[in-house]
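Let me begin by presenting the structure, written as structure tokens, before commenting on it.
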Protein chains: 2
Amino acid sequence: MGAVLRRHGYKLTRQRRAVIEAIIVSQDRLTPAILYAKVHQDHPDIGVVTIYRTLEILAELALVCELHGGTACHRYVIGQPEQHHHHLICSGCSLVTDFTRHDFSALERSLARQSRFRIDGHLLEFFGLCPACQEKQSGP
Amino acid sequence: MGAVLRRHGYKLTRQRRAVIEAIIVSQDRLTPAILYAKVHQDHPDIGVVTIYRTLEILAELALVCELHGGTACHRYVIGQPEQHHHHLICSGCSLVTDFTRHDFSALERSLARQSRFRIDGHLLEFFGLCPACQEKQSGP
DNA sequence: CTGCTTGCAAACCCTTTGCAGTCCC
DNA sequence: GGGACTGCAAAGGGTTTGCAAGCAG
């Protein structure tokens, strides 16, 4: 991940390394605030501003992917570049599962034909409860 | 729309009437700010706070539907209750077209089976350019 | 009349910006 | 050593809240 930064002319600083590591380690959807908290634990000297600026760069390079929808907008997950994917988001624990299987090109073409829109992209997210949270709910 | 409010025990005040009318008249996606501007034109005495509080109620009663994604989160459109629909959003003029044709139940079932999630809902939005904005773009 | 609603103002986020000092390369 | 990067603090924008006054039912 850091290599990509370098390749695009960004410097790989201690702070950016810390932010990237925190993102990789965690599997959750991360808000800037959550990410800041995680980074701040090990590196109390890193400020929120750096989190925002780093996230901006990572999003620009598609190393991270911005989520919308649900109760909290502006969340980020690690994004596989060159691979469009959708998300399955747990309302209980915020676990995010990617799925790439579904192909929307047929639907997109038919929509474009009928609406005369030029379609550039889409956003698809499913909401629900992951297995663990389902158990918690039905359990004690 | 007002009747539904009443039915749920909310009072139908002059302010709420104004907000509802503004929503119905406009076909765009509305941010609280835009809606406030529209309402404020005819009713300079109505404050932003009322916009927020009214939107909250309307969203709760599913009379209005919250959109996410794109550059501006937190936008609202009139929502047909009892009818799940998706949106086709123009990046140029913010025109929103609904489409309800596509059926996701099959995809949802297969996703649920494979991920073991209990799927409660989804959000699907397409982005692109409407016919008018395509012409503007290719024109002078 | 009674209690829900409202508007104002202030509080409160979250995010961005300006600037002087710091550090990567 | 130079320019990109950082942290601080402050500004900025959007949203929420407390409170006294107002109005629907």
Side-chain angles (χ1 to χ4, degrees), chain A residues 1-23 29-61 63-64 66-76 94, chain B residues 1-23 29-61 63-64 66-76 94:
Chain A
M1 213 157 167
V4 183
L5 270 189
R6 273 204 161 99
R7 204 178 311 143
H8 283 81
Y10 292 106
K11 290 183 179 171
L12 190 51
T13 64
R14 179 179 61 85
Q15 291 89 337
R16 285 180 184 164
R17 239 188 290 262
V19 172
I20 291 174
E21 190 191 346
I23 293 178
R29 305 195 279 171
L30 297 167
T31 59
I34 294 175
L35 184 53
Y36 171 67
K38 286 178 188 280
V39 171
H40 200 77
Q41 276 184 355
D42 296 336
H43 308 266
D45 59 314
I46 296 183
V48 215
V49 196
T50 300
I51 305 289
Y52 280 101
R53 292 196 269 228
T54 305
L55 275 178
E56 193 182 336
I57 294 174
L58 295 179
E60 177 200 330
L61 301 183
L63 292 171
V64 120
E66 201 175 341
L67 285 184
H68 300 269
T71 45
C73 276
H74 290 197
R75 281 171 174 270
Y76 297 83
S94 288
Chain B
M1 213 157 168
V4 182
L5 271 189
R6 272 203 161 98
R7 205 178 310 143
H8 284 81
Y10 292 106
K11 290 183 180 174
L12 189 52
T13 64
R14 178 179 61 86
Q15 292 89 334
R16 286 179 182 164
R17 238 189 291 263
V19 172
I20 291 174
E21 190 190 347
I23 293 177
R29 306 194 279 171
L30 297 166
T31 59
I34 294 175
L35 184 53
Y36 171 66
K38 285 179 190 280
V39 170
H40 200 77
Q41 276 184 357
D42 297 335
H43 309 265
D45 59 314
I46 297 182
V48 216
V49 198
T50 301
I51 305 291
Y52 281 99
R53 290 195 270 228
T54 306
L55 275 177
E56 193 183 336
I57 294 174
L58 294 179
E60 176 200 330
L61 301 183
L63 292 171
V64 119
E66 200 174 343
L67 287 184
H68 301 269
T71 45
C73 277
H74 290 197
R75 282 171 174 271
Y76 297 84
S94 287

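Throughout, protein chains are lettered first and strands after them, A, B, ... in sequence-line order, and every chain is numbered starting at 1.
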Take atom [atom1] of [X] and atom [atom2] of [N], then tell me their distance rounded to the nearest Å.
| X | N | atom1 | atom2 | result |
| --- | --- | --- | --- | --- |
| Leu35(B) | dT15(D) | CG | C1' | 15 Å |
| Ile51(B) | dG13(D) | CD1 | C1' | 17 Å |
| Asp45(A) | dT22(C) | CG | P | 14 Å |
| His43(A) | dT6(D) | NE2 | P | 13 Å |
| Ile46(B) | dC8(C) | CD1 | C1' | 15 Å |
| His40(A) | dC8(D) | NE2 | C1' | 13 Å |
| Leu12(A) | dC24(C) | CG | P | 10 Å |
| Leu5(B) | dC4(C) | CG | C1' | 13 Å |

Closest to side chain of [X], choosing from [options]:
| X | options | value |
| --- | --- | --- |
| Arg53(A) | dG25(D), dT17(C), dT15(D) | dT17(C) |
| Lys11(B) | dT6(D), dG25(D), dT17(C) | dG25(D) |
| Pro32(A) | dT15(C), dT5(C), dC8(D) | dT15(C) |
| Thr13(B) | dA24(D), dT6(D), dC25(C) | dA24(D) |

Of all the heavy-atom pairs spanning Asp45(B) and Arg14(B), show the shortest one and how long it is.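 Reported closest heavy-atom pair: OD2-NH2, 2.6 Å.
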Heavy-atom pair with the smallest gap, counting every atom of Arg6(B) and Leu12(B):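 Taking every non-hydrogen atom into account, NH1-CD2, 3.6 Å.
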Under 3.5 Å, is there a donor-acceptor pair between the Gln41(B) and Tyr36(B) side chains?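 On atom types as modelled, these side chains do not qualify, holding no pair under 3.5 Å.
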Dot-bracket summary - DNA chain D, pairs being Watson-Crick or G-U whose distances fall under 3.5 Å, with | when paired to another strand: |||||||||||||||||||||||||
If each of Arg6(B) and Glu56(B) is mapped to the nucleotide of DNA chain D with the nearest heavy atom, which maps nearer the 5' terminus, i.e. the 5' end?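 Looking at DNA chain D, the more 5' nearest nucleotide goes with Glu56(B).
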Quick one, [X] and [Y] - any side-chain contact, counting heavy atoms below 4.5 Å?
| X | Y | result |
| --- | --- | --- |
| Ile23(A) | Leu55(A) | yes |
| Thr54(B) | Leu35(B) | no |
| Val19(A) | Arg16(A) | no |

Under-4.0 Å side-chain N/O to phosphate OP1/OP2 contact, Arg16(A) with dC5(D):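 Indeed, a polar side-chain atom of Arg16(A) lies that close.
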Got a second to check how far His43(A)'s NE2 is from Glu21(A)'s CD, nearest 0.5 Å?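 So the NE2 of His43(A) and the CD of Glu21(A) are separated by 6.5 Å.
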